[in-house]
Amino acid sequence: MSYPDTYYKRTMADGATRPVLSGIVECDAVIIGGGLAGLSTALQLARAGKRVTVLEAESVGFGASGRNGGFVSAGYATDGDDIARIAGKDTAHKLHLLSIEGVDFVRDNIRALGIDDAKPVPGLMSVLRYDDPASLKAYAERSRRDYGYELDYMDRDAVRAVLKSDRYFQALRNPNAFHIHPLNYLRGIAREIERLGGLIFEQSPATATELSKPQKRVKTAGGEVRAPHVVFTTGGYTGGLNGRLKRSFLPIATYVMVSEEAPELIASAIATRDAIGDNRRAGDYYRVIDDGRRLLWGGRITTHAASTAGLVKELRAEMVGTYPQLAGLKTELAWSGLMSYARHLMPQIGRMSPGVWYCTAFGGHGLNTTAIGGKVIAEGILGESDRYRLYEPFGLVWAGGMAGLAVAQLTYWKLQAQDWWRERSA
């Protein structure tokens, strides 16, 4: 297997490997990329009785899908106002409902397929690092009024009763959100695809495509897949196979660390099993794992391959700045991963040409949006719906190349400065 050394790899529930493609395979749809988007698409097609083939360059879940924070919650990487400004209020409303449906899709799969090793834990707290109760109460009311979606408001005392830090003020708790072991979930989906007759090939990167004819062809070093539908579901690790797709988003790195076992020390700071994320654009996200014995902490983004060891120092500074009582908590393991971000910060989901589909650029909010993205692409292929068209306002716009990376890094620093100023001015 080609997984990096992560907590998820170390606690992977099954060690099954899958063959390399050899020879010619004919099917109804070939999916390029064995992450959450690709496997969600393949699952829905296989459930409908279609012959599906998945080509994965490494091992299923090698990229961001198998090494993220594990949060499953509604929404996108950008907020509803920005979505409405581009797509209109009605479309923005429908898109948010799709994001809620994506959460339910993951939960339903875990339950229906018995993926117990995904270890779902309910609850997500979104916390403020400055005092602003009115804004959270208003947001919770809009959520209830517009979507029938209940969020629990927590005042400062309630927050600090479970998060022992003077950095935090109010919070909204989402009881419908949850957090999981993403790699075990993904591998459970892969098992179900194979049970339904689907084929998954690992160590089988696509090297060339022929997409102009009704019967598409996707070649690898050892074989070829022929199908009337091709779905591109690669993310931050996308190569040059489809230039238009690669140019449409930026690979952005994020960083995660996991602590040593120290249940008593961790409980002195964090007395909840909820996942926690703060309100900053690229803020901290963390949760206790292993039944409270360890702490998983993520954050920071870079537009280049930064030293993981150096970024861990920054993550530790954030952790200890938030919870001074955790200064003695040792980091046991750390890793990074590449996410894909479009310029508009929305997923890119749709049809490029007849029989050629794409589902990518989930911007750090992929566990629900990959699910719904795969679902609506499958519906489009099956002719069941055209819901994928709701994402048309957020197409394959050029992300700016190297200049785009520079702008993204400058924007991140600007947002950090704004967050810093807002906290100190509150």
Side-chain angles (χ1 to χ4, degrees), residues 25-56 60-61 65 72 76 94-95 97-113 115 185-201 206 211 214-216 218 225-235 242 245 346-362 366-392 394-396:
V25 173
E26 295 191 357
C27 58
D28 298 311
V30 53
I31 290 99
I32 301 174
L36 284 162
L39 294 188
S40 296
T41 307
L43 175 65
Q44 291 302 94
L45 291 172
R47 282 171 166 168
K50 297 298 181 180
R51 298 170 301 157
V52 296
T53 300
V54 178
L55 298 177
E56 166 55 41
V60 292
S65 293
V72 189
Y76 298 93
K94 291 176 180 176
L95 285 170
L97 289 175
L98 283 180
S99 80
I100 295 172
E101 186 179 335
V103 174
D104 294 336
F105 180 81
V106 176
R107 179 186 289 108
D108 292 344
N109 282 334
I110 292 172
R111 182 184 302 117
L113 302 180
I115 312 176
Y185 169 74
L186 185 145
R187 291 180 67 84
I189 296 299
R191 292 193 298 270
E192 177 66 5
I193 292 167
E194 291 169 327
R195 189 191 71 81
L196 293 171
L199 301 176
I200 302 174
F201 296 100
L211 305 176
Q215 186 78 343
K216 322 299 182 190
V218 180
V225 183
R226 300 172 182 174
H229 294 278
V230 176
V231 188
F232 289 90
T233 60
T234 52
N242 186 314
L245 191 66
M346 281 290 285
Q348 293 169 322
I349 296 169
R351 192 177 70 167
M352 192 176 296
S353 60
V356 182
W357 307 79
Y358 57 91
C359 186
T360 188
F362 299 102
L367 273 166
N368 70 308
T369 50
T370 53
I372 197 60
K375 191 175 182 181
V376 299
I377 290 295
E379 289 171 0
I381 292 172
L382 295 168
E384 294 177 349
S385 87
D386 62 353
R387 296 199 297 170
Y388 69 89
R389 292 186 179 277
L390 290 168
Y391 292 92
E392 284 183 345
F394 309 97
L396 298 177

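Note: hydrogens, waters and symmetry copies are ignored here, and every other heavy atom, side chains too, is used.
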Apply salt bridge (Lys or Arg N to Asp or Glu O under 4.0 Å) to Glu384 and list each qualifying residue two or more places apart in sequence or on a separate chain. none
What's the spacing between Leu97 CG and Ile100 CD1 if we round to 0.5 Å? 5.5 Å
Tell me, please, which residues at least two apart from Asp108 pass side-chain contact (heavy atoms from CB on, under 4.5 Å). Asp104, Arg111
Between CG of Leu186 and CG of Asn109, what distance do you get to the nearest 0.5 Å? 11.0 Å
CG/Asn242 to CZ/Phe232 distance, rounded to the nearest 0.5 angstrom? 4.5 Å
Taking Val52's backbone N and O only, do any of them form a donor-acceptor pair with Asp28's side chain (distance below 3.5 Å, no angle check)? no
Rounded to the nearest 0.5 Å, what's the gap from CZ on Arg191 to CG on Leu113? Could you check? 9.0 Å
Tyr388: which residues meet the ring pair (Phe, Tyr, Trp, His ring centres under 6.0 Å) condition with it, sequence neighbours left out? Trp357
With sequence neighbours left out, what residues match Glu379 under salt bridge (Lys or Arg N to Asp or Glu O under 4.0 Å)? Arg387
side-chain contact (heavy atoms from CB on, under 4.5 Å) partners for Leu390, two or more places apart: Thr91, Lys94, Leu95, Leu98
Checking Asp386 now: which residues fulfil salt bridge (Lys or Arg N to Asp or Glu O under 4.0 Å) with it, not counting sequence neighbours? none
Could you give the distance from CD1 (Ile372) to OG (Ser99), rounded to the nearest 0.5 Å? 8.5 Å
Any side-chain to backbone donor/acceptor pair from Lys216 onto Leu211? Under 3.5 Å, distance only. yes
Restricting to ring pair (Phe, Tyr, Trp, His ring centres under 6.0 Å), what partner residues turn up for Tyr185, sequence neighbours left out? none
Taking it one step at a time, do Lys375 and Glu101 satisfy salt bridge (Lys or Arg N to Asp or Glu O under 4.0 Å)? CA-CA 10 Å; Lys375 191 175 182 181; Glu101 186 179 335; 2.8 Å; yes
Distance-only donor-acceptor hits, side chain of residues 32-46, under 3.5 Å, sequence neighbours excluded:
residue : atom : partner : partner atom : Å
Ser40   : OG   : Leu36   : O            : 2.7
Thr41   : OG1  : Ala37   : O            : 2.8
Gln44   : OE1  : Arg47   : NH1          : 2.7

Mind checking what makes side-chain hydrogen bond (donor to acceptor under 3.5 Å, both in side chains) contact with Thr234, not counting sequence neighbours? Thr238
Spacing of CD belonging to Glu192 relative to CZ belonging to Arg187, to within rounding of 0.5 Å: 15.0 Å
For Glu194, side-chain contact (heavy atoms from CB on, under 4.5 Å) partners two or more places apart: Arg18, Ile200
In sequence, state the C-alpha distance, the side-chain angles, and the governing distance for Ile115 and Ile189, and then conclude on side-chain contact (heavy atoms from CB on, under 4.5 Å). CA-CA 8 Å; Ile115 312 176; Ile189 296 299; 4.2 Å; yes
Any residue meeting side-chain hydrogen bond (donor to acceptor under 3.5 Å, both in side chains) with Tyr358, in chain and number order, not counting sequence neighbours: none
Name every donor-acceptor pair, under 3.5 Å, that has one atom in a side chain of residues 348-355 and the other anywhere in the protein, sequence neighbours excluded.
residue : atom : partner : partner atom : Å
Gln348  : OE1  : Ser248  : OG           : 3.2
Gln348  : NE2  : Ser248  : O            : 3.1
Gln348  : NE2  : Gly395  : O            : 3.1

